[in-house]
Visitor: 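Pasting a structure here, questions to come.
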2 protein chains.
Amino acid sequence: MASYKVGLESFHYQWSAAHKPVIRIASGDSISFDVNEVMSWQITQKSKAKDLARLDNAKLYPLSGPVYVSDASPGDDLRIIVEEIETANWGWSAIIPGLGLLPEFKKPYLWIWDLSGARKSGYVKFKNGIKVPYRPFCGVMGVAPKEPGEFPVMPPKLHGGNLDIRHLIEGSALDLPVWRRGALFSVGDMHAVQGDGEVCVTAIECPGKVKLKFELVKGAGIKSPRFTTPRTRGDNASEFSTVGIAPDLMEASKMAVRNMIEYLSNQYSLTREEAYVLCSVAADLRIHEVVDAPNWVVGLAISKSLLP
Amino acid sequence: MASYKVGLESFHYQWSAAHKPVIRIASGDSISFDVNEVMSWQITQKSKAKDLARLDNAKLYPLSGPVYVSDASPGDDLRIIVEEIETANWGWSAIIPGLGLLPEFKKPYLWIWDLSGARKSGYVKFKNGIKVPYRPFCGVMGVAPKEPGEFPVMPPKLHGGNLDIRHLIEGSALDLPVWRRGALFSVGDMHAVQGDGEVCVTAIECPGKVKLKFELVKGAGIKSPRFTTPRTRGDNASEFSTVGIAPDLMEASKMAVRNMIEYLSNQYSLTREEAYVLCSVAADLRIHEVVDAPNWVVGLAISKSLLP
């Protein structure tokens, strides 16, 4: 149960099983990561909208890691418990033409947020009296993919990655299937808050620190990410969610439902039919992200208050 | 501000501007509707799964109404406030092969629910210790469509209809664009509870009574349904939602976002870019229904606690 630190200098840009681990830990250990600004500090508090046209996209998504988890091997479940998140005192949101859900937005737009005091007040000021809740999480948490080679961070896949699941706040737990020996976990893309969908392609992007605890569930055999949220959210009940990840929202929805049916029937001794009906009457389909082309993430959430 | 009653005998099956109104009311009036069982009482507490194969689908969706609202004309917003819902003491859920999200379910399945005591306890018992919350709403609320002719109730459209939006519980308000003189509102398809998506094609289907209040907003010019939920839901804040309705989830998502951008920029003096960013950081995309072929309903919800 050791505690470690991974500094700003320990990062990489692509997913690959070939990256040299920056640290080796055991199940039960935790790490405080310093997380770089998502454009590798090309955006600062002084940036203007016109600067967005000059960004070097090769420096997008610096990920802290990878972390080698001793004894992790394919077929295991790496559970990542989000213990603490601390954002910097500023962040940014942008419209970047060519990205985002709506093609009609053709001009770059940049908004710099003041995050100082947000943890205490619980919100961040926008304009005209509008304030958004402060609910920081990391947009990217993933392990090395099964396939050999290098892969961009943008699309999420079955190894996790750029899931942009806003529900992964402090107190939540993400389960990722392990595909490679040591798992090779990395984290990045901190967000001060985001809506389900992340429709314009950015949340409140910010650097910061995140403390994660790692637990290995040997031989769990999960095939997709899944996650559990703390009681502090929503209807004040913990939720369990499965996800589907696909280039089509309908296919992603089906995957999420199939994963939940498998989970509910296994865990609560239900037939598949009973589990399917339970999904229909009591579980919620949410579009977690619809902008990390070409893969979208749909989640199916069930309140744990329903379950014995 | 009169109160009226519409009984079980006053119903129709298709959407059509040609239906004769069963009652005429004025803005501000309310009506208590008796709502028929969604299969016109072909399913009872004694039904078995094998009975599902013998259903007469021409008797699906008996809708109470239509209601003629004096002075309602195209371009108006008909606001329907859900004042009270009382379900019967039983309901049913089924897997009906050929319908629902997952084609691999090929056998009919039926579950009869005991709803007695559900209003008091707040939940409905399933099996193995599982209980689902009791949150009744009406799956269908709509007005006569713009187009001439008769239309089946199954797919929701811009006149509302089979929206299956689980959030339309007591205390919520649905805004529908008026397409025809008198609006010609009808209601049906009561559900004791449902998850976002209604993935197996049924919720807890039940007959019951619903009391609705009608308010006319003259010349509002809304083009799609939208709705507001009460404080009792979710994060204990009222939410405002726009929707998109389309045969493709991506298109429906875009419609919902465009409708919210229009609303936020108009109501809160934001540029379209600011409204788009606000959607990205603080509004949630939900799949309200993905089974009422061929049209799916996606909602974008923003907590009113964010707004001044």
Side-chain angles (χ1 to χ4, degrees), chain A residues 93-95 100-102 105 107 109 111 123 126-133 166 193-204 233-235 248-250 253-254 257-258 261 268-270 272-274 276-287 290 298 300 302-303 305-308, chain B residues 93-95 100-102 105 107 109 111 123 126-133 166 193-204 233-235 248-250 253-254 257-258 261 268-270 272-274 276-287 290 298 300 302-303 305-308:
Chain A
S93 298
I95 298 172
L101 184 65
L102 300 181
F105 284 85
K107 280 193 313 189
Y109 170 89
W111 182 267
Y123 64 83
F126 192 38
K127 57 178 287 186
N128 300 354
I130 298 170
K131 50 194 186 183
V132 300
R166 75 174 187 85
V193 70
Q194 182 202 296
D196 275 322
E198 200 190 18
V199 294
C200 89
V201 86
T202 55
I204 298 184
R233 267 204 67 251
D235 60 357
D248 176 76
L249 286 168
M250 181 62 84
S253 300
K254 289 180 182 179
V257 176
R258 287 178 177 130
I261 289 171
Y268 297 99
S269 302
L270 299 176
R272 286 174 48 76
E273 287 73 19
E274 289 163 350
Y276 188 28
V277 165
L278 185 59
C279 289
S280 194
V281 304
D284 293 324
L285 275 176
R286 297 171 182 158
I287 301 176
V290 65
V298 172
L300 183 67
I302 191 162
S303 169
S305 67
L306 276 62
L307 304 169
Chain B
S93 299
I95 298 172
L101 184 65
L102 301 181
F105 284 84
K107 280 194 311 189
Y109 170 88
W111 181 269
Y123 63 84
F126 192 40
K127 57 178 289 186
N128 301 353
I130 298 169
K131 50 193 185 182
V132 300
R166 74 173 187 87
V193 69
Q194 181 202 295
D196 276 322
E198 202 190 15
V199 294
C200 89
V201 87
T202 56
I204 298 184
R233 267 204 65 251
D235 61 357
D248 175 77
L249 287 168
M250 180 62 83
S253 301
K254 289 180 182 178
V257 176
R258 287 179 177 129
I261 289 171
Y268 298 98
S269 302
L270 299 176
R272 287 175 48 75
E273 287 72 20
E274 290 162 351
Y276 188 28
V277 166
L278 185 59
C279 289
S280 194
V281 304
D284 293 324
L285 276 176
R286 297 171 183 158
I287 301 176
V290 66
V298 172
L300 183 66
I302 191 162
S303 171
S305 68
L306 275 62
L307 303 169

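Note on naming: letters A, B, ... go to the chains in the order of the sequence lines (proteins, then strands), and numbering restarts at 1 for each one.
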Visitor: Got a second to check how far L285(B)'s CG is from L101(A)'s CG, nearest 0.5 Å?
Guide: 7.0 Å

Visitor: Which distance, rounded to the nearest 0.5 Å, do you find between the CG of D248(A) and the CG of D248(B)?
Guide: 7.0 Å

Visitor: Relative to chain B, which segment of F126(A) carries a heavy atom at a distance below 4.5 Å: side chain, backbone, both, or neither?
Guide: side chain

Visitor: In chain order, what residues pass the salt bridge (charged side-chain N to carboxylate O under 4.0 Å, His left out) check against R272(B), with sequence neighbours excluded?
Guide: none

Visitor: Please step through side chain to side chain contact (heavy atoms under 4.5 Å, CB included) for the pair F105(B) and I261(A), ending with a clear verdict.
Guide: CA-CA 12 Å; F105(B) 284 84; I261(A) 289 171; 3.8 Å; yes

Visitor: Let's test your reading of the structure: which of R258(A), E198(A), K107(A) forms the most heavy-atom pairs below 4.5 Å with chain B?
Guide: R258(A)

Visitor: Say you draw a straight line from CG of N128(B) to CG of L278(A); how long is it, rounded to the nearest 0.5 Å?
Guide: 10.5 Å

Visitor: Among the options G129(B), C279(B), S253(B), pick out the one with the most heavy-atom pairs lying under 4.5 Å from chain A.
Guide: G129(B)

Visitor: Which one wins on heavy-atom pair count under 4.5 Å against chain A: A282(B), G197(B), A203(B), A94(B)?
Guide: A282(B)

Visitor: What is the minimum heavy-atom distance between S280(A) and C200(B), and which atoms define it?
Guide: OG-N, 3.1 Å

Visitor: Please flag which part of Y268(A) lies under 4.5 Å from any non-hydrogen atom of chain B: side chain, backbone, both or neither.
Guide: both

Visitor: Side chain, backbone, both or neither: which part of Y109(B) has a heavy atom under 4.5 Å from chain A?
Guide: side chain

Visitor: Write down the atom of Y276(B), the atom of I95(A), and the distance for their closest heavy-atom approach.
Guide: CD2-CD1, 3.6 Å

Visitor: Give the minimum heavy-atom separation between L306(A) and P133(B), together with the two atoms involved.
Guide: CD1-CD, 3.7 Å

Visitor: With a 4.5 angstrom heavy-atom cut-off, is it the side chain or the backbone of A283(B) that approaches chain A, or both, or neither?
Guide: backbone

Visitor: Between V193(A), V277(A), L102(A), L307(A), who has the most heavy-atom pairs with chain B when the cutoff is under 4.5 Å?
Guide: L102(A)

Visitor: Mind checking whether D284(B) and R166(A) have side chains closer than 4.5 Å, heavy atoms only?
Guide: yes

Visitor: With a 4.5 angstrom heavy-atom cut-off, is it the side chain or the backbone of L270(B) that approaches chain A, or both, or neither?
Guide: both

Visitor: Compare every heavy atom of V281(B) with every heavy atom of T202(A), then report the nearest pair and how far apart it is.
Guide: O-CG1, 4.3 Å

